[in-house]
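To start, the structure under review is shown below, and the notes come after it.
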2 protein chains.
Amino acid sequence: MGRARTTGETKGAFGGARVSRQRRAIASAAARFGSAFTVERLHAAVTDAGEPAGLATVYRAVTALVDAGSLVGIGTRDGSALYAWCGRDDHHHHFVCTRCGAVRGIECPLGESALGAVRGEGYTVTGHDVTLYGLCPDCRHARDGATP
Amino acid sequence: MGRARTTGETKGAFGGARVSRQRRAIASAAARFGSAFTVERLHAAVTDAGEPAGLATVYRAVTALVDAGSLVGIGTRDGSALYAWCGRDDHHHHFVCTRCGAVRGIECPLGESALGAVRGEGYTVTGHDVTLYGLCPDCRHARDGATP
DNA sequence: GCCCTTCCTGATAATGGTTCTCACATGGCG
DNA sequence: CGCCATGTGAGAACCATTATCAGGAAGGGC
Ligand SMILES: [Mn+2]
Ligand SMILES: [Mn+2]
Ligand SMILES: [Zn+2]
Ligand SMILES: [Zn+2]
């Protein structure tokens with residue numbers, strides 16, 4: 001156990017939810033993206049792969065994949081929610097390239113020193129979001145070359 | 001300089017943007033909230049204060065206040081964007097109470113150890129989001145009492 | 001394999017937060 | 001004072017997401 005979701009195998013990608021031909025194609029297409037994507041783009045990818053699925057079905061599959069932890073929401077862009085396939089099931093966060101959408105897992109930077117401060121004042125911390133933004137190596141070089 | 005935005009004074013709350021009677025009332029009402037609020041709620045607060053303003057005007061004022069750094073977006077709730085008045089202009093993040101919406105500033109937990117890891121692999125980090133969620137002291141006690 | 005119940009599918013309509021339109025008012029500077 | 005860029009407001013438009021609802025399929029039990 002621990003890597004069932006890495007390749008998009010539908011073994012446990014949907015958790016306990018029911019698996020259909022459409023959901024298999026959707027999970028497979030999502031796992032093939034190497035970067036963040038919108039539901040609309042995922043729908044197009046599934047259709048292009050020759051496994052048509054309704055847009056509403058893709059929306060519902062995405063919700064199921066997020067619930068199962070196979071997919072993570074990575075903010076929004078131009079009013080559309082962005083998602084990325086998540087191959088790890090340990091606690092971590094993500095770096096997102098603002099140019100190409102590439103996603104990379106990062107270790108959680110929150111230690112006792114950060115949480116202890118607010119906890120000491122009577123707060124209970126139940127969750128947190130951490131996301132880094134910037135340029136991936138490829139896009140950094142592309143930008144350098146484009147600015148002579 | 002440094003604390004013009006803490007009380008909702010319209011001095012620099014809108015940065016270089018123009019200030020009107022409506023925007024004064026909107027900034028004042030926003031600064032009075034001790035917790036996160038939606039645009040709809042802010043609109044209601046301004047109207048209740050006897051300084052009516054159109055909903056579109058409130059949306060535009062919120063955008064201007066965010067651009068000026070007086071207001072910060074704190075995720076979404078039930079499909080509506082949440083905002084909170086920000087009294088500090090140094091770099092920091094926020095803790096949000098998931099029960100009452102109370103917001104509290106926290107120090108940035110990202111040090112060189114966290115950023116250096118991805119930077120060493122060729123990534124350029126240009127920004128980041130950090131938000132803690134949980135219960136404020138008041139709500140923690142309220143919940144304890146409600147679960148006998 | 002067969003049944004049965006629960007869950008998924010899909011074309012479409014509906015929802016609703018946010019943005020746009022455009023004529024009018026007003027802020028702020030010279 | 002004027003001038004003009006900018007803000008205002010009521011309503012329409014936008015559009016990502018969700019609800020509908022009849023039909024189909026997944027999958028546990030036998
Ligand atoms: Mn991940
Ligand atoms: Mn703040
Ligand atoms: Zn990139
Ligand atoms: Zn609270």
Side-chain angles (χ1 to χ4, degrees), chain A residues 9-30 36-68 70-83 101, chain B residues 9-30 36-68 70-83 101:
Chain A
E9 301 160 24
T10 33
K11 288 301 179 190
F14 284 96
R18 206 167 279 183
V19 178
S20 64
R21 174 182 61 78
Q22 293 92 331
R23 288 195 165 188
R24 254 184 293 272
I26 291 167
S28 175
F37 53 86
T38 65
V39 173
E40 186 182 3
R41 240 176 249 289
L42 179 58
H43 176 237
V46 170
T47 300
D48 291 350
E51 293 285 343
L55 181 56
T57 297
V58 179
Y59 268 101
R60 284 180 295 233
V62 165
T63 299
L65 288 168
V66 169
D67 289 346
S70 304
L71 225 50
V72 276
I74 303 283
T76 69
R77 187 174 163 186
D78 297 326
S80 297
L82 289 177
Y83 297 92
Chain B
E9 302 160 21
T10 35
K11 289 302 179 188
F14 285 94
R18 202 167 283 181
V19 178
S20 63
R21 175 182 62 78
Q22 293 90 333
R23 289 195 164 186
R24 253 184 293 274
I26 291 166
S28 174
F37 54 86
T38 65
V39 174
E40 186 182 3
R41 239 176 251 289
L42 179 57
H43 177 236
V46 171
T47 301
D48 292 349
E51 292 285 343
L55 181 57
T57 297
V58 179
Y59 268 101
R60 284 181 293 233
V62 164
T63 299
L65 288 169
V66 168
D67 289 346
S70 305
L71 225 50
V72 274
I74 303 284
T76 69
R77 186 174 162 186
D78 297 326
S80 297
L82 288 178
Y83 297 92

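Just so you know, these numbers come straight off a predicted model, no measurement behind them.
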* **Side chain to side chain, A:L65 and A:F14, heavy atoms closer than 4.5 Å** => yes

* Asked: Hey, is the side chain of A:T57 poking within less than 4.0 Å of OP1 or OP2 on C:dC8, counting only N and O atoms?
  -> no

* To do: Tell me what A:S80 touches on the nucleic acid: a base, only sugar-phosphate, or nothing, going by heavy atoms under 4.0 Å.
  => sugar-phosphate

* Examine D:dT6: is either OP1 or OP2 under 4.0 Å from a nitrogen or oxygen in the side chain of B:S20? Give yes or no. => no

* To do: May I have the distance from A:F14 (atom CZ) to C:dT6 (atom P), rounded to whole angstrom?
  => 22 Å

* Which pair of heavy atoms, one from B:A29 and one from B:L42, lies closest together, and at what distance? -> CB-CD1, 3.9 Å

* To do: Give me the bend of the helix from C:dG1-D:dC30 to C:dG30-D:dC1, using the axes of the five pairs at each end, rounded to 10°.
  => 50°

* Asked: Which heavy atom of B:G12 sits nearest a heavy atom of B:S70, and at what distance?
  -> O-OG, 4.4 Å

* Asked: Would you say A:R23 reaches D:dA26's phosphate, i.e. side-chain N/O to OP1/OP2 under 4.0 Å?
  -> no

* Asked: Can you check the A:D78 CG to D:dT17 C1' distance for me, whole Å?
  -> 16 Å

* Asked: What nucleic acid atoms does A:A81 come within less than 4.0 Å of, heavy atoms only: base, sugar-phosphate, or nothing?
  -> sugar-phosphate

* Structure fact -> Exactly one candidate in A:R23, A:R24, A:R18 meets side chain to side chain contact (heavy atoms under 4.5 Å, CB included) with A:S20; the answer is A:R23

* To do: Would you kindly give the CG-to-C1' distance between B:D67 and D:dT6, to the nearest whole Å?
  => 15 Å

* In whole angstrom, give the distance that lies between atom OH of B:Y59 and atom C1' of D:dA10. => 15 Å

* Asked: Donor-acceptor pair under 3.5 Å: do we get one between B:R18's side chain and the base of D:dA5?
  -> yes

* Structure fact -> In whole angstroms, the gap separating P of D:dG11 from NE2 of B:H43 amounts to 12 Å

* Over how many whole Å does the gap from B:R24 atom CZ to C:dG27 atom P extend? -> 7 Å

* Asked: With a 4.5 Å heavy-atom cut-off, do A:F37 and A:L82 have their side chains touching?
  -> no

* Structure fact -> Whole-Å distance, B:I26 CD1 to D:dG7 P, equals 12 Å

* Structure fact -> By nearest-heavy-atom nucleotide on DNA chain D, the more 5' of A:R21 and B:Q22 is B:Q22

* **Upstream residue (5' side of DNA chain D) when A:A56 and B:G54 are each assigned their closest nucleotide** => B:G54

* Test A:V46 against A:H43 for side-chain contact (heavy atoms from CB on, under 4.5 Å), laying out the working first. => CA-CA 5 Å; A:V46 170; A:H43 176 237; 5.7 Å; no

* Side-chain N,O (A:R60) to OP1/OP2 (D:dT18) below 4.0 Å -> no

* **Interatomic distance, B:R77 CZ vs C:dT18 P [rounded to whole Å]** => 14 Å

* Asked: Where do A:A53 and A:I26 come nearest, in terms of heavy atoms and distance?
  -> CB-CD1, 4.4 Å

